[in-house]
Amino acid sequence: MWFKDTKWVKVCSLIGAHFTASPLAFLWSWGNLAPYLNSYYKFSCSPDCVDGSNQWVLHLYIVFVTPGLFTVGRLASVIGMKGLALLSALLCGVPMMASAWTVNISVVGSTILLGVLNGISLGTSLNTAMMSVNVWAPEKTAILSGTVTSLPPVLAFIQNQIVTAYVNPKNLKPDVTEFSNTYFSQSEILERVPNAIRILAGITLGMQLIGFLLTSDPPTPVVRACSTTVDVCKQGKTHHRKSLKDTSSALDAAHPLRTEHSHSNGKAATTYGSSNGCQHQTDMTALETIGADDKAEKSGTSHSTGALSSLVPEPLLSCSIIQAVKSASFWANSTFLAVEVYGTTVKNGYFKVFGLMYIPDDNLLTVLSSIIPLAEAAIRVIFGVLLNKNIISMKASLVISLSLNCVLFSLFYFAPQLHFVAYLVLIFGLCLSHGQLFVLYTTVTFKVFGPANFAMLYATGYLPTAALVLVAAGIVTPVLDTVGWFWLFMTVAAPSTLVLIAAVCTDVRPNLAAYL
């Protein structure tokens, strides 16, 4: 990094984290590109190119985020954050550029490049960005995870406008309808499709390279993973008797799962239970307490008792992976991610293809596809602020998001048949649900389980998502061919309802020791 001042290195690294997450834009840009690519495969590529289904691209993109997520923890210790930023840029940019050539040769080859390798790149870049945020600014995890995942939707908005303006500048309508799909057969559209892919690849690669240049390896955080019971570390800070008493009272009020307050061998110890299965213990010897009292009296200093952070030591404590996986809150968070990502996949991947059947205006639906990422970006920032300031609880955010997902997907089939405005309202409602996705999952993972094992828990929690999306990829085409669009949308609404019931019954609360 060009700066030696730690403050500027931190600022640049946090900005770099936003650019590093650029591959996430594909989640919103694919829905706009897919109708053109489907038409290209049908009418313009070589005779033997259609050797598979293009519908696997977005599903494989989501599924193969998993290996990218899991590799980050180990690779970070070998090549560092900066090396990871460069690796993710190459994993995304090179395959996307190559797919502009393979679209004329093989659907399977293009699907592997756009889905598999691009997904691995997303997992690497997203986990790298979140790790950077959590180490450089752990006190602002919620809001920064919101802003990091808000830049890719804005990028997708720009990409969608550029791609549509380039591929279909005359706003030509799809002129071929087969079964549940519509296609463009106009040669002036089809011949521009490969270059449209190059445009997407070039913009994304450029953004990631900026992230690479700005990223620096963060300092090693003072963290300690907890076993069954953990002693709070002391970082040169001691507190007088009144502080200890007030801390006990404050934590009694804030944490109803407090289980034990004991004094033994000259130590005052308090143990707290947690909804995630971990226990956390603060302890201070009587000698340390008296010494702190005497020093405070001599120096004339006082300790504030109005906030928990001023009453207790300030290390970051974390739960072990086994403790986390055994907890109900972990599964509530991971299954929430699964149904929300699947819902996002269906909405982003098919809203334009489905909408064109009843609203045959390519430019109008492109505008909608451009508004979706902007709306979700704004919602991420808003909910990041709300969660960061504890204005809304993590559980309330889970319930709101899941409720909208199950209700609105039940109505998805009917909205465009009523009017474009009805479709617009429905899509915006889903944006409110899906806009909370990455910020909420990241916040729950960090605040409930702590930072020490964040990368591994972030990846482990993604496994149900990969499983659900992989199964869904195999049933999408049969469902559309046999029972149609309504039942495809119900494959999102039904599991969302089950996860909503589970979330309502689960205690999802912050692990106080993780950020005191």
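Numbers for residues simply follow the sequence, beginning at 1. Only heavy atoms go into these numbers, but all of them, side chains included; no hydrogens, no water, no symmetry mates. None of the values given here were measured: they were computed from a predicted structure.
Put simply, the side chain of I203 reaches to within 4.5 Å of the side chain of L155, judged on heavy atoms. In this structure, S403 and L500 have side chains that are in contact, with non-hydrogen atoms separated by less than 4.5 Å. With a 4.5 Å cut-off on side-chain heavy atoms, P373 and F157 count as touching. For the pair P152 and L27, the minimum side-chain heavy-atom distance is 4.5 Å or more. Using a 4.5 Å heavy-atom threshold, the side chains of Y40 and P194 count as touching. Proximity of S39 to L190: side-chain heavy atoms (C-beta onward) are separated by under 4.5 Å at one or more points. Considering only heavy atoms from C-beta on, V325 comes within 4.5 Å of W331 through its side chain. For the pair I400/I392, a side-chain contact is recorded, criterion being any heavy-atom separation below 4.5 Å from C-beta on.
Heavy atoms only, all atoms of each residue included: M81 and S216 are closest at CB-O, 4.2 Å. Nearest heavy-atom pair across N160 and S29 is OD1-CA, 3.3 Å. Summarising the geometry of S397 relative to L440, their closest heavy-atom pair is OG-CD2, 3.5 Å, with the distance given to 0.1 Å. Among all heavy-atom pairs drawn from W28 and A156, the shortest one is CB-CB, 3.6 Å. The two atoms that bring C45 and N104 nearest to each other are CA-OD1, 3.2 Å, heavy atoms only. Nearest approach of S150 to A377, heavy atoms of both residues: OG-O, 2.9 Å.
In summary, the side chains of R192 and N195 do not present any donor paired with an acceptor at a separation below 3.5 Å, with no hydrogens or angles considered. K352 and T366 are linked by a side-chain donor-acceptor pair at a separation below 3.5 angstrom, with hydrogens and angles left out of the test. The closest side-chain donor-acceptor pair between K140 and N388, if any, does not fall under 3.5 angstrom. A donor atom on one side chain and an acceptor atom on the other are not found under 3.5 Å apart for N453 and S320. Neither side chain, T345 nor H59, offers a donor N or O lying under 3.5 Å from an acceptor on the other.
Under the 3.5 Å distance criterion, the side-chain polar atoms of S327 are matched with a main-chain donor or acceptor of A324. Judged by distance alone, with hydrogens and angles left aside, the side-chain atoms of W487 form no donor-acceptor pair with the main-chain N or O of V479 at under 3.5 Å. A donor-acceptor pair is defined here as one N or O able to donate and one able to accept, closer than 3.5 Å; no such pair exists between the side chain of S99 and the backbone of T102. Side-chain atoms of T460 come within 3.5 Å of backbone N or O of M456 as a donor-acceptor pair. One N or O on the side chain of K82 and one on the backbone of F212 form a donor-acceptor pair closer than 3.5 Å. In terms of modelled atom types and a separation under 3.5 Å, the side chain of T71 and the main chain of G68 share a donor-acceptor contact. A donor-acceptor pair under 3.5 Å is absent between the side-chain atoms of N333 and the main chain of V444, judged by distance alone. Checked by atom type and distance alone, the side chain of N118 never pairs as donor or acceptor with a backbone atom of Y61 at under 3.5 Å. A donor-acceptor pair under 3.5 Å is absent between the side-chain atoms of S125 and the main chain of A21, judged by distance alone. In this structure a side-chain-to-backbone donor-acceptor pair under 3.5 Å is present from K395 to T506.
Rounding to the nearest 0.5 Å gives a distance of 5.5 Å between CG of L24 and CG of L122. Atom OG1 of T335 is separated from atom CZ of F330 by 10.0 Å, given to the nearest 0.5 angstrom. Distance check: L126 CG to T149 OG1 gives 8.0 Å after rounding to the nearest 0.5 Å. Within the model, atoms CG of L200 and CE of M97 stand 10.0 Å from one another, a figure rounded to the nearest 0.5 Å. Atoms CD1 and CG, from I382 and L432 in turn, are 9.0 Å apart once rounded to the nearest 0.5 Å. Atom-to-atom distance recorded for L398:CG and S329:OG is 10.0 Å, nearest 0.5 angstrom.
Tested against S433 for a side-chain hydrogen bond (donor to acceptor under 3.5 Å, both in side chains), the candidates K347, E340, E376 yield a single pass: E340.
Atom CZ of F43 has more than 12 heavy atoms from other residues, nucleotides or ligands within 6.0 Å. Heavy atoms of other residues, nucleotides or ligands lying less than 6.0 angstrom from CD1 of I322 number 12 at most.
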T164/N363 under side chain to side chain donor-acceptor pair (under 3.5 Å): CA gap, chis, key distance, verdict:
CA-CA 8 Å; T164 300; N363 278 1; 5.9 Å; no

T491 and Y342: CA distance, side-chain angles, deciding distance, side chain to side chain contact (heavy atoms under 4.5 Å, CB included) verdict:
CA-CA 9 Å; T491 62; Y342 177 45; 2.7 Å; yes

Stepwise, does the side chain to side chain contact (heavy atoms under 4.5 Å, CB included) test hold for F446 with M130?
CA-CA 10 Å; F446 182 76; M130 293 305 176; over 6 Å; no

I'd like to know whether Y350 forms a side chain to side chain contact (heavy atoms under 4.5 Å, CB included) with W485, so could you lay out the CA-CA distance, the side-chain angles of the two residues, the decisive distance to 0.1 Å, and finally the verdict.
CA-CA 10 Å; Y350 301 106; W485 286 101; 3.7 Å; yes

Test side chain to side chain contact (heavy atoms under 4.5 Å, CB included) on M394 and V448 and set out the steps.
CA-CA 10 Å; M394 293 183 289; V448 175; 3.8 Å; yes

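By the 30° and 60° cut-offs, the orientation of the rings of F351 relative to Y423 is tilted. Using the six-membered ring where Trp is involved, F409 and F412 have ring planes that are parallel, under 30° apart on the 30 and 60° scheme.
Within the structure, ring pair (Phe, Tyr, Trp, His ring centres under 6.0 Å) contacts touching residues 452-484 (residues at least two apart or in different chains) are Y441-Y458, F454-Y458.
For N405, the side-chain hydrogen bond (donor to acceptor under 3.5 Å, both in side chains) test picks out H434, S496, with sequence neighbours left out.
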